[in-house]
Amino acid sequence: MASVRMAIAIAGVSLLLGRDAAAQGASPFVGQFSGTYTFSSTDPRFGNQAGYIAMTITAEGRVSANVQNTTINLPSTVRGTVSDDGDFDCVAEASNQVYTLKGTMVKSKAGNLKATLTQYFGANQAIGSVQFDIPPYREKQ
């Protein structure tokens with residue numbers, strides 16, 4: 001009977017340690033965030049723009065977002081990754097083009113995601129930068 005209790009106790013400790021290890025391995029950016037962004041163009045073909053972004057980051061650092069460019073009324077989706085160090089590498093797909101976004105993201109003390117990303121037309125033609133400082137998503141009450 002004592003050996004059964006010992007086995008149960010060991011199993012319980014293993015489960016707790018497993019949860020802690022999983023939590024420690026999660027991306028520091030995990031969560032849902034939403035707010036506004038701006039695009040500052042360096043290419044006269046595009047012009048400065050702005051819009052709204054709703055972003056989800058998984059524990060593994062996978063990024064998915066829905067974006068609405070309010071300047072030209074164009075929706076797009078963003079998919080990619082962010083490393084634990086904040087290296088952001090994603091592809092944005094709109095109905096008319098595909099863009100690459102690369103840069104660095106940080107999480108503020110308040111929990112906001114802050115980034116300045118270079119936006120590329122295709123894979124390597126820089127056309128400007130995207131900036132955002134978006135808070136964690138909160139449902140309206």
Side-chain angles (χ1 to χ4, degrees), residues 2-141:
S3 63
V4 170
R5 279 190 225 138
M6 179 65 93
I8 290 171
I10 291 171
V13 169
S14 295
L15 284 174
L16 288 174
L17 291 175
R19 276 193 214 127
D20 288 345
Q24 290 174 0
S27 169
F29 301 101
V30 67
Q32 295 180 312
F33 306 86
S34 61
T36 59
Y37 74 90
T38 58
F39 170 74
S40 300
S41 180
T42 57
D43 186 316
R45 295 177 295 165
F46 296 96
N48 295 337
Q49 301 173 30
Y52 182 82
I53 185 168
M55 181 182 297
T56 299
I57 301 175
T58 68
E60 297 79 24
R62 286 191 295 274
V63 176
S64 61
N66 291 315
V67 178
Q68 180 62 44
N69 181 320
T70 55
T71 304
I72 59 174
N73 195 28
L74 183 68
S76 62
T77 58
V78 174
R79 301 279 183 266
T81 59
V82 61
S83 74
D84 288 353
D85 293 329
D87 295 326
F88 189 95
D89 188 357
C90 291
V91 172
E93 293 186 48
S95 61
N96 61 344
Q97 298 294 337
V98 176
Y99 302 95
T100 302
L101 298 164
K102 292 185 180 192
T104 304
M105 181 185 320
V106 297
K107 197 169 195 179
S108 71
K109 287 182 182 180
N112 289 13
L113 292 183
K114 297 174 81 170
T116 298
L117 310 170
T118 301
Q119 182 168 328
Y120 298 89
F121 182 63
N124 59 6
Q125 182 185 354
I127 59 169
S129 64
V130 174
Q131 300 86 29
F132 57 78
D133 182 352
I134 54 177
Y137 175 77
R138 292 181 180 88
E139 286 191 39
K140 293 181 181 176
Q141 308 216 7

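Start at 1 with the first residue, then count along the sequence. Everything quoted here is computed from the prediction, not taken from an experiment.
- Listed for the N112 side chain is no donor-acceptor partner under 3.5 Å among the backbone atoms of K114.
- The two atoms that bring T81 and V63 nearest to each other are C-CG2, 3.8 Å, heavy atoms only.
- Taking both residues in full, the closest heavy atoms of G80 and C90 are given as CA-SG, 3.5 Å, listed atom of the first, atom of the second, then distance.
- With hydrogens and angles left out, the side-chain atoms of S34 and Y52 include a donor and acceptor closer than 3.5 Å.
- Annotation: side chain of I127 is in contact with side chain of F39 (closest heavy-atom distance under 4.5 Å).
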- [ ] Take V130 and I53 through the side-chain contact (heavy atoms from CB on, under 4.5 Å) test and state the conclusion after the steps.
- [x] CA-CA 11 Å; V130 174; I53 185 168; over 6 Å; no
Open item on the list: Walk me through whether V67 and Y37 qualify under side-chain contact (heavy atoms from CB on, under 4.5 Å).
Closed with: CA-CA 9 Å; V67 178; Y37 74 90; 3.5 Å; yes
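- Using a 4.5 Å heavy-atom threshold, the side chains of Q49 and L74 count as separate.
- Contact of the P75 side chain with the N66 side chain is not registered, since no non-hydrogen atoms from C-beta on lie closer than 4.5 Å.
- Residues F33 and F132 have side chains not in contact (no heavy-atom distance under 4.5 Å, counting atoms from C-beta outward).
- In terms of heavy atoms, F29 sits closest to M105 at CZ-O, 3.5 Å.
- In this structure the side chain of T100 never reaches within 4.5 angstrom of the side chain of T118, judged on heavy atoms.
- Contact of the M55 side chain with the V78 side chain is not registered, since no non-hydrogen atoms from C-beta on lie closer than 4.5 Å.
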Task: Derivation and outcome, side-chain contact (heavy atoms from CB on, under 4.5 Å), residues D84 and S27 - done: CA-CA 6 Å; D84 288 353; S27 169; 4.1 Å; yes
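- When all heavy atoms are compared, the tightest approach of L101 to A92 is CD1-CB, 4.3 Å.
- Of all heavy-atom pairs between G103 and L117, the closest is CA-CD2, 3.7 Å.
- In this structure, CD on E93 lies 5.0 Å from OG1 on T77, to the nearest 0.5 angstrom.
- The local environment of NZ in K102 is sparse, with at most 12 non-hydrogen atoms from other residues, nucleotides or ligands closer than 6.0 Å.
- The nearest pair of heavy atoms linking S41 to N48 is N-OD1, 2.8 Å.
- Ring pair F121/Y99 is tilted by interplanar angle, where 30° to 60° counts as tilted.
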Task: Intermediate values then yes/no, side-chain contact (heavy atoms from CB on, under 4.5 Å), R79 and V91 - done: CA-CA 6 Å; R79 301 279 183 266; V91 172; 5.8 Å; no
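- A donor-acceptor pair is defined here as one N or O able to donate and one able to accept, closer than 3.5 Å; such a pair exists between the side chain of T71 and the backbone of A50.
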